[in-house]
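Contents: one structure, followed by commentary.
Residue indices begin at 1 and follow the sequence shown.
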Amino acid sequence: MAASELCVRSSRDLWTILLGRSALREPAQIEAELDRNWERLLQGLSFYKPPSTSAADKLKADKDTPQALKDFGLRISKLLGLDEQQSVQILQCYLQEDYRGTRNTLKAVLQDERQSQALLLKIADYYYEERLCVLRCVLHLLTYFQDERHPYRAEYSNCVSKLEKDLVSNYRRQFESVSKSEAPTWETHGNLMTERQVSHWFVQCLKEQALLLEILFLYYAYFEMPPNDLSTFTRLFKEQGFGQRQTNRHLVDKSMDALVERIGYFSSLILVEGMDIDFLHKCALEDRTEQHQFYDQQEDICKMLLTFGDISHHGPVLLAWVLLRHTLRPEEVSSVIRRLGHTTLQLGVFQYLTNMLQALGNTGNNCTASTARMCIYGLLSFVITSFEEETLGSQQHLINAACEVLAAPSLAELFWESNPNMGLGVILDSTVGLFPYKTGPLLQLLTALLSDKSTAKKVYTFLDKMSFYTEAYKHKPNDVISREDGTLWRRQTPKLLYPLGVGQTNLQMPQGCFGQVCEGKQLSVGEQGFLVRWEYSYSSWTLFTCEIEMLLHVVSTADVLAHCERVKPILDLVHKIISTDWTVSDCLLPLTSRIYMLLQRLTSFINPPVNVITSCVNCLIALAARQPGKVWSSLHHTGFLPFASTPLTNMAQTISAEGMKAGNYGNLLVLIEQPRGEYSVTIAFLRLVTTLVKGQLGSTQSRGLIPCVLLVLKEMLPAYHKWRYNTYGVRERIGCLILELVHAILNLSQEGDAPSLQSLSIYSLANTEAGQAVVNIMGVGVDTINMVLTAQPSSGGSEGPGQVLIQTVKLAFSVTNNVIRLKPQSDTASPLEQALTQHGGHGNNLIAVLAKYIYHKHDPALPRLAIQLLKRLAMEFSLGEWSCLSVVLELLDSKQQGKYWCPPLLHRAALAFLHALWQDRRDSALSGVLNVSSVYIILKTLQRSMLSNIADVVCVSVLVSAPALLPPLSLMMESVLHAEQQLTDRTKAKLLSALILALQIQGLNGQSITQLPQLLLCVCEMVQDEALTLIDRTRHTIQRGDVQEDSMETDSPHIQKDQQDSVCVLALHLSKELCRADEDGEQWLQVVRKLPVLPSVLSALELSLRSKQNLYFTEAALHLLLTLARTPQGAAAVAGAGVIQSICLPLLSVYEGPANGATQAFMRKSQDAPSWMGVYRLSLSLMESLLKTLRYNFINEALDFVGVHQERILQCLNAVRTVQSLACLDEADHTVGFLLQLSNFCKEWHFHLPQLLRDVQVNLCYLCQTCTYLLHSKKMLHHYLQAKNGEGLPPGPHPQHAVQPASKEQEEAESKALQAVQCSLLKILSKTLATLQHFTPDCCQILLDQSMDLAEYRTLFVLSFTTPAFDSDVAPSFGTLMATINVALSMLGEVVGRSRWWSLRTLKSLLMFSMENCFYVLISQAVRCLKDPSVLPRDKQRLKQELSSELSTLLSTLFRFFRRGSPSSPASGLLLSVQTKPPTPGSKATPEGQEPFIQLVQAFVRHVQR
């Protein structure tokens, strides 16, 4: 068989691709698939040909197809009446997609008659599904080709343009052909065509008819129907009886009624849509009816429609035609039109429309249902506008139809924007005229008009400002007067409208109100009298409160049912409005607060009104979604919920239900709902308890829910499937709600002491019948699910019994997995575990049933959850691996992977299962794995998202051989780069970690990484993508808040949006490592030229800083920028990308409060923990590094930064005096480091920010004084650390256990903490002095240059030699500098053998550096003072004497120290600025004891002694 003659892809495959459930998700891939298959879509069902001699001959001549498949293909052809070649193609597709055996088993099946017959029937089912999938593809295209929100709208639109020309004619012919097809018989199709198979064929025939008509209806919703087509369709549907005159109608049974009705619905809708009522309405409004396409072409259709009227499907068609004739030919209102109108009403057209829209909304394509509502909305609006309401029959039927129409999302908003005197507004006005005599009609309509927050506010305001009050009278009361004709009344006295007690909420109609007697308005059936509409303004919400209060008063009387009818619409409206717009709930508090008492009273008498109770509980659900604690505190006093009469002390007592009472709900379930088979209260009860559980109540309140949960687990879950049910689908719905409740409980955070909700649920499911019930749900099996889905009349919609069943089974898997994961460890298996792992006889193996869920294709999560459970069972129990291994291994087959039907997450789950077997050393299973193919082949054929579990192994292997793994790691990273974000986050994170680890272990440089260019480009592309994703996510979080839904996934915790090990953060860290390896920066420059990675990172950084979100990302981004800033090329790129704009102003939000802008206090906590103040410190370092590297090219940006953050900088310099935590000292260290670099540009600083420069100089002097004082007085520093800083010194052991060894440990810990603070203070001091050196004149210049301008430099230290104090009132002086030198010299002598935090050499160098700079500042400031004419001679002389004495003593001490040996070089390695010049080439080495700064001091002493 030539490959070109066969379709490459199955129709179901194509449908899966269009739904976005395959690996092909790029728009270009979707477009390519549509280009290859659009002709098949145009052909529709005619794509499948009948058998022919030529096709049989071609099949026989085909040498590529095995003879066994040819022979079996001929059998398929006979059974299905299908082309022989296409039959073989169907067989091949089935074997690739649905066959569950191996090649060997297939041979056995084909040779065995009985097994081959079963295979034939399965292939027939597959073929039927293929035919439907062709039509579903077209329906999907028509649904979304004009939806701007759909990602493939453009591709769909192009395809629809190709189909548009011939689609209608082709599909109409196919509908005629299918509807007139003769049923197959065993004579024509073989002995397998039994009565059952004929019935199956006919169901397929009805499905195809309905789907073809649905496509045509959607088509005509977008494209105009020519008059000839309307005539053709009218004749066609008339002949077919709108689905009821099928050629094979003798085959119709009750199970097919829904399909037959569906055919009638779409037949009717197509004709109504074809009349284009919306355009007719527009023409009538604009008085140009002659432009309507049916203005001159009505006769042929009219003749056919005159014969209509015998079936309900004719109603909408006749109604639309009457409207069309009445509008286009108003002068011809003949008896014919009146007769057609009368016939329309006799057919119950409005009841029909209600039922039709409900049916389409419950089981079908949401777009189809919405389109149908739009169509009927136009029809109803024009009908109500054109005809008097009284002539349209029952108002309630009209309102029911209108409410069903308004269920479309956009129509409620459209209604409020429309003319209130036209269309449905006429009905609204009519219902207002009867309010509150009849509350139901108005409230029913307004409830339907609630769709979003804007419409909710409109409804609330509408009811809050009512102008008329209508009530019924049997005769005129004595307190009113009226006109002679009796049409106008006037009230003579005020009147309370409700007979309630004094002080209760009520409405009072004032004296003098006028009332209009409504003529022609009929009272309810059985009543006599008349209606009066009073001109009285009031709030309906107050009236509703009175109505509920009245029901509370009459609850035990005979009037209760009548009042319930009035209150139920009120409760339904309250439920809808609170669910839609929570902001109005406070206004409704008087009403909602009475619901609890109403619930208590209604559930306590013998025959309770179940529908009103359900409405009450629904209101509480809406309230509990926002205020769970408040609802619970009010609800548990009502007696409605189950409760415990004795305290719950242990699990045994709890599980025995000792002291438990079922409450009013439990009694209602047993006495009312179960005998009737209706369970509206039970459904509401389960949703209420689930909402309360998800509300994260406190531990005491959660324990109060234990009786409710116990009732569910003990009485409902094991037995709900045995209850009586009147409505199909309710049983499945209750099962799903029960499991949703349990799922929510198992997803709670760890609770307090047992018994808790979670521990109770785990124990019950593991050890009681509840667990077996869950196992039974999982044991439904994939075949049963497929049968339920197949039986649905809809065209693959998102709702229905099949979807509920799938959700229930998914929940059962998740619950079981969580129970096994969370239950306490035990040596013996629980009953749940035994039920899961036992091997049944007669092939009834549960493990095999669970494993076969991989064949489910409707919801990818279901097979994934099944394999996750198998993985856990494989890890924890000795299950029979071979019972499920074969189906799991099938997922690793490269040929299967090429079919795209298996989602990547399912592949990953399968690998996780194999990984569990590997960890547990299951030898037989491992041998099976190895027999599939070699490891290399598996790696080669894996989908991108399947690398996650391989990455687990790779991360461990990196420790063994990092260099060898760099090439494969790089290739793996490239393979996952463009994969789906949600599928590969964990995989990317593991690979990134492995790469970082490999680089760090080996310490590799740029030359040794051959993959550096590709790897750097790949990682930077990932950083760019992740940054853009982060921007979108953060904006979404800011706008709407981040609401996470419960996930059924149990295999791993959720990937957090901002974590240390998230993809974005790890990618940034890897980029940093690669930039370090790229020493010359050439590779980085090439990447920057190709990718806008820096702008993306900076944009995300700016948004994160402004919103104070994404802490880990922010830190990682700053680390990367800091690494780049250390090279000229990198620093230029960072600055050029706009780093100052992204950081400078947004950084304010890091330390300023959001409410009032107050600056964040300097916290006494560790500087190691990730924090936003750590981000601030990193930003300071980044500014410092950029300024050091770029110098004058960055000075303006640096000055902008210091200007914006000047307040924080000055506060930080002052804070060291009061807070000595490591975090505070670290910030001071970073701040002074930045100021040190900035001090190199004093002139520029003074020009732009003179006052700030002065403030910084003053604060630095005070900081020098503070550090000197704290370093000098160790006891005082120790006292401050203990008294002020909670974490400054580590806590000692507990007093009760404080024995002697612990005391030594405590002393050692305190000593270490003290040394750490001293080291920080010393670093700050050294940088402070180095900075001050730039603010004072150069020593050589001021000593030698007599004409130096002293005004350029300010006096930094006052002329005093007092000891530095801890008081800010004492100004820094020359005594401060002398004390600093003495402290440094003292510490230099004590440091040997005592430094534990830094190396000895480092600490010595730092002390020498501090001492050198202090001498420099001291001498410079002293000479400036001596040369300053404003200083008194007396003070100058005193200065000389003090300095001569002090410095001479210091020099003597220094000489003694240097003779013992000391480092001669300053600690320039610890600082970013080297303050001393290198020695001149050729100069002699400095003699020992003759350091340059000592020579300078000696020269200065000689100078002052002259």
In Å, rounded to the nearest 0.5 Å, how long is the span from [atom1] of [X] to [atom2] of [Y]?
X    : Y    : atom1 : atom2 : result
L737 : E740 : CG    : CD    : 5.5 Å
L641 : L711 : CG    : CG    : 10.0 Å
C619 : H575 : SG    : NE2   : 6.5 Å
Q758 : N818 : CD    : CG    : 8.5 Å
K871 : N817 : NZ    : CG    : 9.0 Å
H721 : E732 : NE2   : CD    : 12.0 Å

Salt bridge or not for [X] and [Y], using N-O below 4.0 Å?
X    : Y    : value
D98  : K857 : yes
D572 : K576 : no
E769 : K714 : no
D859 : R864 : no

| task | Count the heavy atoms belonging to other residues, nucleotides or ligands that lie under 6.0 Å from CD of Q674, then report whether that count exceeds 12. | result | yes

| request: Establish, from distance only, whether the side-chain atoms of S761 and S764 form a donor-acceptor pair under 3.5 Å. | output: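 No pair is found: no donor N or O on one side chain lies under 3.5 Å from an acceptor on the other.
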
| said: Could you tell me if S830 and N767 have a donor-acceptor pair between their side chains, going purely by distance under 3.5 Å? | reply: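 No, S830 and N767 have no side-chain donor paired with an acceptor closer than 3.5 Å.
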
Shortest non-hydrogen contact from [X] to [Y]?
X    : Y    : answer
V775 : A835 : CG2-CB, 4.4 Å
N664 : T638 : ND2-O, 4.1 Å
I683 : V730 : CD1-CG1, 4.3 Å
P642 : A662 : CG-O, 3.4 Å
M778 : V849 : O-CG1, 4.4 Å
I762 : V819 : O-CG1, 4.0 Å

| Just one of V712, I745, L741 clears the side chain to side chain contact (heavy atoms under 4.5 Å, CB included) bar with T690, so which one? | L741

Are any non-hydrogen side-chain atoms of [X] and [Y] less than 4.5 angstrom apart?
X    : Y    : result
Y855 : R100 : yes
I672 : P608 : yes
L602 : P609 : yes
L862 : I785 : yes
Q803 : H858 : yes
N618 : L571 : no
L599 : L635 : yes
L805 : L789 : no

| task | Given side-chain contact (heavy atoms from CB on, under 4.5 Å), test W582 with Q627 step by step and report yes or no. | result | CA-CA 11 Å; W582 172 255; Q627 296 177 338; 3.6 Å; yes

| said: Could you go through L713 and T768, starting from their C-alpha distance and side-chain angles, then the distance that decides it, and tell me whether this counts as side-chain contact (heavy atoms from CB on, under 4.5 Å)? | reply: CA-CA 9 Å; L713 294 173; T768 69; 6.0 Å; no

| request: Test side-chain contact (heavy atoms from CB on, under 4.5 Å) on F640 and L668 and set out the steps. | output: CA-CA 10 Å; F640 175 71; L668 187 147; 5.7 Å; no

| task | Verify whether the ring centers belonging to Y853 and F813 lie closer than 6.0 Å. | result |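 Aromatic pair counts; centres sit under 6.0 Å.
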
| request: Taking the six-membered ring for Trp and the full ring for Phe, Tyr or His, determine whether the centres of Y679 and Y725 are under 6.0 Å apart. | output: yes

| said: For Y665 and F685, take the angle between the two ring planes, folded into 0 to 90°, and tell me which bin it lands in: parallel under 30, tilted 30 to 60, perpendicular over 60. | reply: parallel

| Would you call the rings of W632 and H636 parallel, tilted or perpendicular if under 30° counts as parallel and over 60° as perpendicular? |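 Parallel.
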
| message | Against T682, only a single residue in E673, R687, R733 fulfils side chain to side chain donor-acceptor pair (under 3.5 Å); can you say which? | response | E673

| request: Take E833 and L873 through the test side-chain contact (heavy atoms from CB on, under 4.5 Å) and record every step on the way to the result. | output: CA-CA 9 Å; E833 295 158 343; L873 294 175; 6.0 Å; no

| Within the distance-only criterion (no hydrogens, no angle test), does the side chain of T580 pair as donor or acceptor with the backbone N or O of I577 below 3.5 angstrom? |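 Not at all, since once roles are kept as given, no pair shorter than 3.5 Å links the two residues.
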
| Counting only N and O atoms by type, is there a donor-acceptor contact under 3.5 Å from the side chain of N726 to the main-chain atoms of R676? | yes

| message | Between K122 and D783, is the salt bridge (charged side-chain N to carboxylate O under 4.0 Å, His left out) condition met? List the steps. | response | CA-CA 11 Å; K122 290 182 179 179; D783 292 330; over 6 Å; no

